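I have placed the structure first, in the form of structure tokens, so that the comments after it can refer back to it.
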Amino acid sequence: MTFVEPFGIIVSMRKIRVGVIGIGYLGSLHARLYKEIDSCSLEAVCDIDETRLQQLSGELSVRGFSDYRELFPEVDAVSIAVPTGLHYKIAREFLEHNIHTLVEKPFTTDLKEADSLIKLARKKDLTLQVGHIERFNSAFAAAREYFENPYFIECHRLSTFPNRSLDIGVVLDLMIHDIDIILGLVNSPIKRIDAVGVNVLTPYEDIANARISFKNGCVANLTASRISEEAMRKIRIFLKNAYISLDYRAQQAFIYKKELTGITKAALPIEKEQPLKKELASFVECVTAHKEPVVSGEIAREALAVALKIRDLIWKNPRKF
């Protein structure tokens, strides 16, 4: 559908046609949320699990495909939520077919693959976004205006055993979210990285701790675990005479300030929203308005580079249970 604006300018009103590749836990959320976004139309879902495919395609009243290549003529944009080892191959094929692409984190398995996708997307002038969801968390958005020259950052990201994403370790699975946030907050090159971790239930690290020292003096301490009894996603950012505490799960943010009478605590106003829906809506907007994504391929590559460095440090002298 089109309409004509004053001065005879023709504007397309056709919705962006979207597909989702891989409809496990996260991919199925992508599909359901795309159905709620008015500016796009979910055209198809794809998975090699026929039972899962029939169930979700029937629930959402969309076509289901077992071969992702069948979506090439059907969609303008796609979410890729398959195992990490398949990110590069599938994303590259969609970009080659001029389809805007959102790849779930971690972006790729190595930097060579990341660079290849970035180069291809730039060459074809396509949107390439990576799913670092905390950038869209209301708690982070509410507190961001206070983030100036942090001295120390402490992150805890803990989960119960997920029974998914077990093709990678906890650094690429969970810690990479906080790495991305920290790199966005600290405007300084990295001076040194130290890391430890162990595998407990899988062949990969299941719990890890990393310390990142920046040249400007800021230090970030990150802990990630996928074998904890309770889930936690918190970050504390220490500034001059103040610190900010964010709870991503609860979407809460507090600022503590040093005053003449002592330490004061104030809640930051937050309009709670679903981060994943905001992320997907932003992706669709970037496609339609030809805007740069909040987390572009280049930004995601930076987080991936640090995550791979941390993982490699852990496995230089591995401890196994």
Side-chain angles (χ1 to χ4, degrees), residues 1 12-109 113 117 120-121 124 126-133 136 162-168 173 274-288 293 295 297 300:
M1 180 186 300
S12 173
M13 292 295 289
R14 181 174 67 84
K15 292 184 176 183
I16 296 296
R17 301 172 302 160
V18 178
V20 178
I21 313 302
I23 53 171
Y25 171 76
L26 190 53
S28 65
L29 291 179
H30 278 235
R32 291 186 175 94
L33 290 171
Y34 277 129
K35 291 283 285 187
E36 299 177 8
I37 299 172
D38 293 336
S39 53
C40 72
S41 171
L42 179 67
E43 293 294 318
V45 293
C46 177
D47 203 283
I48 58 174
D49 187 319
E50 287 291 343
T51 300
R52 179 188 296 163
L53 184 62
Q54 291 181 15
Q55 181 178 350
L56 188 65
S57 62
E59 175 190 336
L60 299 180
S61 299
V62 298
R63 289 172 294 172
F65 297 90
S66 57
D67 186 341
Y68 65 86
R69 290 167 291 192
E70 295 183 72
L71 272 71
F72 294 156
E74 309 295 333
V75 298
D76 306 302
V78 68
S79 275
I80 296 175
V82 298
T84 305
L86 297 173
H87 282 187
Y88 173 72
K89 171 180 169 56
I90 296 177
R92 182 169 186 85
E93 289 192 56
F94 276 101
L95 291 171
E96 286 173 340
H97 283 80
N98 299 307
I99 295 167
H100 304 278
T101 303
L102 186 156
V103 184
E104 262 303 337
K105 63 80 201 165
F107 186 13
T108 54
T109 58
E113 291 178 345
L117 294 182
L120 179 59
K124 289 182 166 284
L126 295 168
T127 298
L128 175 60
Q129 182 170 320
V130 181
H132 285 281
I133 194 171
F136 298 89
N163 289 311
R164 57 185 175 86
S165 297
L166 300 182
D167 58 329
I168 53 177
D173 184 20
Q274 191 165 3
L276 182 56
K277 186 174 181 179
K278 288 174 65 177
E279 178 182 75
L280 300 182
S282 178
F283 172 57
V284 173
E285 182 184 3
C286 288
V287 172
T288 57
V295 184

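On a predicted model such as this, the values are computed, not experimentally measured, just so you know. Values below: all heavy atoms of this structure, side chains included; hydrogens, waters and symmetry mates excluded.
The local environment of NZ in Lys89 is sparse, with at most 12 non-hydrogen atoms from other residues, nucleotides or ligands closer than 6.0 Å.
One N or O on the side chain of Lys278 and one on the backbone of Phe136 form a donor-acceptor pair closer than 3.5 Å. Within the 3.5 Å criterion, the main-chain N or O of Val130 finds no donor-acceptor partner in the side chain of Lys105. The closest donor-acceptor contact from the side chain of Glu113 to the backbone of Thr109 lies under 3.5 Å. Remark: the backbone N or O of Phe107 is paired with a side-chain donor or acceptor of His87 at under 3.5 angstrom. The backbone N or O of Leu60 sits less than 3.5 Å from a side-chain atom of Lys35, completing a donor-acceptor pair. Looking only at distances, no side-chain donor or acceptor of Asp47 sits under 3.5 Å from a matching main-chain atom of Leu53. Checking side-chain atoms of Asp76 against main-chain N and O of Arg17 turns up a donor-acceptor pair under 3.5 Å. Looking at Thr101, its side chain does come within 3.5 Å of a backbone N or O of Ile99 through a donor-acceptor pair.
Side-chain atoms of Tyr34 and Ser41 form no donor-acceptor pair, as typed in the model, at a separation below 3.5 Å.
Leu128 has its side chain out of reach of Pro293: every pair of non-hydrogen atoms, C-beta onward, lies at least 4.5 Å apart. Residues His100 and Leu95 form no side-chain contact, since every pair of their non-hydrogen atoms from C-beta on lies 4.5 Å or further apart. With contacts defined as side-chain heavy-atom distances shorter than 4.5 Å, the pair Leu102/His30 qualifies. Considering only heavy atoms from C-beta on, Leu276 comes within 4.5 Å of Leu26 through its side chain.
The shortest heavy-atom contact between Leu56 and Ala31 is CD2-CB, 4.1 Å. Here the closest heavy-atom approach between residue Cys286 and residue Gln129 is recorded as SG-OE1, 4.5 Å. Minimum heavy-atom separation, Ala81 to Gly22: CB-O, 3.7 Å. Across all their heavy atoms, Val82 and Ile21 have their closest contact at CG1-O, 3.6 Å. Of all heavy-atom pairs spanning Asp167 and Pro83, the tightest one is OD2-CB, 3.6 Å. Summarising the geometry of Ser57 relative to Arg63, their closest heavy-atom pair is CB-C, 4.2 Å, with the distance given to 0.1 Å.
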Output, in order, the C-alpha distance, side-chain angles, deciding distance and verdict of side-chain contact (heavy atoms from CB on, under 4.5 Å) for Phe94 and Leu71. CA-CA 9 Å; Phe94 276 101; Leu71 272 71; 4.2 Å; yes
Check the pair Asp67 / Cys46 against side-chain contact (heavy atoms from CB on, under 4.5 Å), numbers first and verdict last. CA-CA 7 Å; Asp67 186 341; Cys46 177; 5.9 Å; no
Test Arg92 against Glu96 for salt bridge (charged side-chain N to carboxylate O under 4.0 Å, His left out), laying out the working first. CA-CA 6 Å; Arg92 182 169 186 85; Glu96 286 173 340; 3.1 Å; yes
Apply side-chain contact (heavy atoms from CB on, under 4.5 Å) to residues Val18 and Ile16 and explain how you reach the verdict. CA-CA 6 Å; Val18 178; Ile16 296 296; 3.9 Å; yes
Residue pair Glu50, Ser66: steps toward the side-chain contact (heavy atoms from CB on, under 4.5 Å) verdict: CA-CA 7 Å; Glu50 287 291 343; Ser66 57; 3.4 Å; yes
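We find the CG-OH distance between Leu117 and Tyr88 to be 6.0 Å, quoted to the nearest 0.5 Å. The distance from atom CG of Leu280 to atom CG of Leu33, rounded to the nearest 0.5 Å, is 6.0 Å. Distance CZ/Phe283 to OG/Ser79: 6.0 Å, rounded to 0.5 Å. Taking CD of Gln55 as the reference point, atom OG of Ser28 lies at 9.5 Å (rounded to 0.5 Å). Rounded to the nearest 0.5 angstrom, Ser282 OG and Lys277 NZ are separated by 14.0 Å.
None of Ile80, Val103, Val78 except one satisfies the side-chain contact (heavy atoms from CB on, under 4.5 Å) rule with Ile90; the exception is Ile80.
In this structure, His97 and Phe72 have parallel ring planes: the angle between them is below the 30° cut-off, well short of the 60° mark.
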